[in-house]
Amino acid sequence: MEGVGNSLDKRMSSNESNDTLTNRQGHPVTDNQNVRTVGNRGPTTLENYDFLEKISHFDRERIPERVVHARGAGAHGYFEAYGSFGEEAISKYTRAKLFQEKGKQTPVFVRFSSVIHGGHSPETLRDPRGFAVKFYTEDGNWDLVGNNLKIFFIRDPLKFPDLVHAFKPDPVTNIQDSERIFDFISQTPEAMHMITFLFSPWGIPANYREMQGSGVNTYKWVNKDGEAVLVKYHFEPKQGIKNLLQKEADEIQGKNFNHGTQDLYEAIERGDYPEWEMFVQILSDDDHPELDFDPLDPTKIWPKDQIPWVPVGKMVLDKNPTNYFAEVEQAAFGTGVLVDGLDFSDDKLLQGRTYSYSDTQRYRVGSNYLQLPINSPKKHVATNQRDGQMEYKVDMGKQQNPHVNYEPSILGGLKEAKQDGKDHQPHVEGKLVRQKIDRENNFKQAGETYREFSDLERDELIMNIVENLKKCHQEIKDTMVDMFYKCDEDYGKRVEQGLKNAKMTDTKAESAVKQAENEGHSTDSY
């Protein structure tokens, strides 16, 4: 059948050429300017097939927008392995093939994004930035789905819908409200470290090329003997790191709300290919009682001075998408997409994300989203999965009996692959409970981050917090100030004093509403 299809693709009617417009049925379109009507003024007839096909497809051009990470940009490139872990062979820690050989290149697609806001929101808004990398390895795809910041707001996936609801627009007014945000944060002390970053200049990266990337969660590497270590991933931009002050972001937004997408696209077009070096931190696979935090806690940074960063490769982006929708919008990532030699840790948030990400792709793009070119592995695929919405091919093995879509079988079905190394078999024991982790330590690293900030970063942090907190309910303000003090004495004192000095004037957002009314120019009706 494949051969017949290819030969039919070359056929054309006598009134066609290579650039003739057709509909999806292959019919040449002879008039793309006018619908069929009774007389040239109408009415329109129902059997306008070309129009109905064209408008019906147009009505469905957009798939459901991502609930989070809707605003995004992306590019293709490659990851080049260094083939070692410092002075050691990297095979000591992982058997993942993409890391083993020095100079080995693996194709990648990277999608950058903002988290909370919609698909056409300004790229200057205060928000974490998504940093998702799809590695097309010889063992299949590996998705590393992270952010520019190295930590997150919460550590338990049960709270993720609440977090997003608090940061999303009010369900009644459809306006994002800082009181809703701080209402949630005031009851979520583990978020203080992330809030300290978010309301500083780190909350508004200057662009995508000059920002960091991080896997955020703790993963595992597994070697050929099935032995595992805990790992954290970091991408450092060779272009340097740049962030924006709020007043700078406001000015840029007034001129261009697509500046990040434009910057990335134009840099690649002119051959100024952005690069990141990939670093890994490693810990033995245990709970590390010597640390004052749990290494599986995604609200914590693994300190560099205790757990060194080791470079394992570099990533280069050198090709823009040829179609934004087909590649950037339909790109689908999942934290559960790991290859041999990589594994999950017991990080609760990671395990919750692993279900949620792939589940949302099936809802958003469709049950066969992995058949789309941007998501499909660049290797042999053979599966017994069948049917579902928009299936356009059957991923069968070359010698597979088409009647057999199950396993095991002696009638020509698919067979299991040989295991290259030993399975990682972690020992798990304990009661099933609903409890927080033992070492929460919610405020120490937030205070350390505050003290490590420059004077400019601290000033900007306090200004942004006060601006957003000043109109909140008094109990929310009191609770937040108390938690800032727990992070750092100066931190709490400056926020408290800032709130006392803040005049109960409108916020910038509220003043903009009145400014539009007062400065609007009256005109006559038409």
Classify the ring geometry of Trp202 against Phe197: parallel below 30°, tilted from 30° to 60°, perpendicular beyond 60°. perpendicular
Stepwise, does the salt bridge (charged side-chain N to carboxylate O under 4.0 Å, His left out) test hold for Lys159 with Asp162? CA-CA 5 Å; Lys159 300 308 298 174; Asp162 299 302; 3.0 Å; yes
Less than 6.0 Å separating the ring centroids of Phe99 and Trp221? yes
For residues 108-126, which residue pairs qualify under side-chain hydrogen bond (donor to acceptor under 3.5 Å, both in side chains), counting only residues two or more places apart or in two chains? His69-Ser113, Glu123-Tyr208, Glu123-Thr261, Thr124-Gln253, Arg126-Gln246
Under 6.0 Å between ring centres, would you say that holds for Tyr219 and Phe344? no
Pro237 meets the side chain to side chain contact (heavy atoms under 4.5 Å, CB included) criterion, sequence neighbours left out, with Gln212, Gln239, Ile241, Trp276
For atom CG of Asp524, is the number of surrounding heavy atoms from other residues, nucleotides or ligands below 6.0 Å larger than 12? no
With sequence neighbours left out, write down each residue that passes side chain to side chain contact (heavy atoms under 4.5 Å, CB included) with Asp286, or none if nothing qualifies. Ser284, His288
State which residues pass side chain to side chain contact (heavy atoms under 4.5 Å, CB included) with Lys514; sequence neighbours excluded, sorted by chain then number. Asp506, Asn518
Indicate yes or no: does Arg155 engage Glu440 in a salt bridge with an N to O separation below 4.0 Å. yes
Could you tell me whether Phe235 and Phe279 have their ring centroids closer than 6.0 angstrom? no
Would you please indicate if the ring centroids of Tyr485 and Tyr491 are separated by under 6.0 Å? no
Hey, can you pull the donor-acceptor pairs under 3.5 Å for the side chains in residues 329-339, sequence neighbours left out?
| unit_1 | atom_1 | unit_2 | atom_2 | d |
| --- | --- | --- | --- | --- |
| Glu329 | OE2 | Arg364 | NH1 | 3.4 |
| Thr335 | OG1 | Thr354 | N | 3.1 |
| Thr335 | OG1 | Thr354 | OG1 | 3.0 |

For residues 481-490, pull every pair meeting salt bridge (Lys or Arg N to Asp or Glu O under 4.0 Å), keeping only residues two or more places apart or in separate chains. Arg451-Asp488, Asp482-Lys486
